[in-house]
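So the structure is just underneath, and the comments pick up after that.
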Amino acid sequence: MSIVTLLPFIVLIGAMFLMTRSAKKKQQQAVEMRNQMQPGTGVRTIGGMYATVKEVGDDTVLLEVAPGVHAVYAKNAVGAVLDDDEYNRIVHGDGDLKSDTPVVPDDASSLTGADDVDTTVTDDTKIDLGKKDVADEGGTAPEAKDAKADDKRDGDTDAK
């Protein structure tokens, strides 16, 4: 066998090695992050819930999800361990309200620039949507174009 025929297999094995190596590195970092949990630390679960760590066991962790509400989770259900500043900013909203971005109004009336115009409808007139009722015109309904002059009903046919 020549080196040219073995080259695709070597490249494939090398790519598989690099992918498994990076996956192992990420898994090891997640284990180290979960081992850093201590009581009082703020965490985010993989479901997106923010809580405070109360107790850490071998495979489980006791989280306080609300004042006085405790829940037991598996350690690998913790998605991120947050530092105190980030946890307080997310959960309690510390520092979020002071921004220079404009506030979006709840309704569109302030966007039109016509503040003194009364936009409420006070009369009970019908709105014309383009469809005319037969009774309003005073005429009869138009007949179908394909209608025959003979009035045949319930199975009557011209067959003899």
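Note that the structure is a prediction, hence the values are computed from the model and not measured. One is the number of the first residue; the rest follow in order along the sequence.
Between Asn76 atom CG and Ile46 atom CD1 the span is 7.0 Å, to the nearest 0.5 Å. The distance from atom CD of Gln36 to atom CD of Gln38, rounded to the nearest 0.5 Å, is 8.5 Å. Of the inter-residue distances, the one linking Leu12 atom CG with Leu7 atom CG reads 11.0 Å to the nearest 0.5 angstrom. To the nearest 0.5 angstrom, Leu18 atom CG is 12.5 Å from Ile13 atom CD1.
The shortest non-hydrogen separation linking Ser22 to Met19 is OG-O, 3.0 Å.
Val91 and Val65 fall into different hydrophobic clusters, defined by Ile, Leu, Val, Met, Phe, Trp and Tyr side-chain heavy atoms under 4.5 Å apart, directly or through other members. In the hydrophobic cluster analysis, where Ile, Leu, Val, Met, Phe, Trp and Tyr join through side-chain heavy atoms closer than 4.5 angstrom, Met37 is grouped together with Leu63. The hydrophobic cluster containing Met49 also contains Val43, counting ILVMFWY residues as joined when their side-chain heavy atoms lie under 4.5 angstrom apart, directly or transitively. A single hydrophobic cluster is seen to contain both Val69 and Tyr73, as judged by linkage of ILVMFWY side chains at heavy-atom distances under 4.5 Å, directly or through other members.
Partners of Ala30 under the side chain to side chain contact (heavy atoms under 4.5 Å, CB included) rule, at least two apart in sequence or in another chain, are Arg34.
Remark: the backbone N or O of Met33 is not paired with any side-chain donor or acceptor of Gln29 at under 3.5 angstrom. Looking only at distances, a side-chain donor or acceptor of Thr20 sits under 3.5 Å from a matching main-chain atom of Phe17. When atom types are taken as modelled, the side chain of Lys75 and the backbone of Val56 share no donor-acceptor pair closer than 3.5 angstrom.
The list of side-chain hydrogen bond (donor to acceptor under 3.5 Å, both in side chains) pairs with a residue in residues 78-87, not counting sequence neighbours, reads Thr52-Tyr87.
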_For a side-chain contact (heavy atoms from CB on, under 4.5 Å) check, start with the C-alpha distance between Asn35 and Glu32, then their side-chain angles and the critical distance, and finish with the verdict._
CA-CA 5 Å; Asn35 288 335; Glu32 289 176 14; 5.6 Å; no
*Begin from the C-alpha positions of Val61 and Val78 and carry the test side-chain contact (heavy atoms from CB on, under 4.5 Å) through to its verdict.*
CA-CA 9 Å; Val61 62; Val78 174; 4.1 Å; yes
*Go through the steps for Leu62 and Val53 under the test side-chain contact (heavy atoms from CB on, under 4.5 Å), then give the verdict.*
CA-CA 6 Å; Leu62 180 68; Val53 176; over 6 Å; no
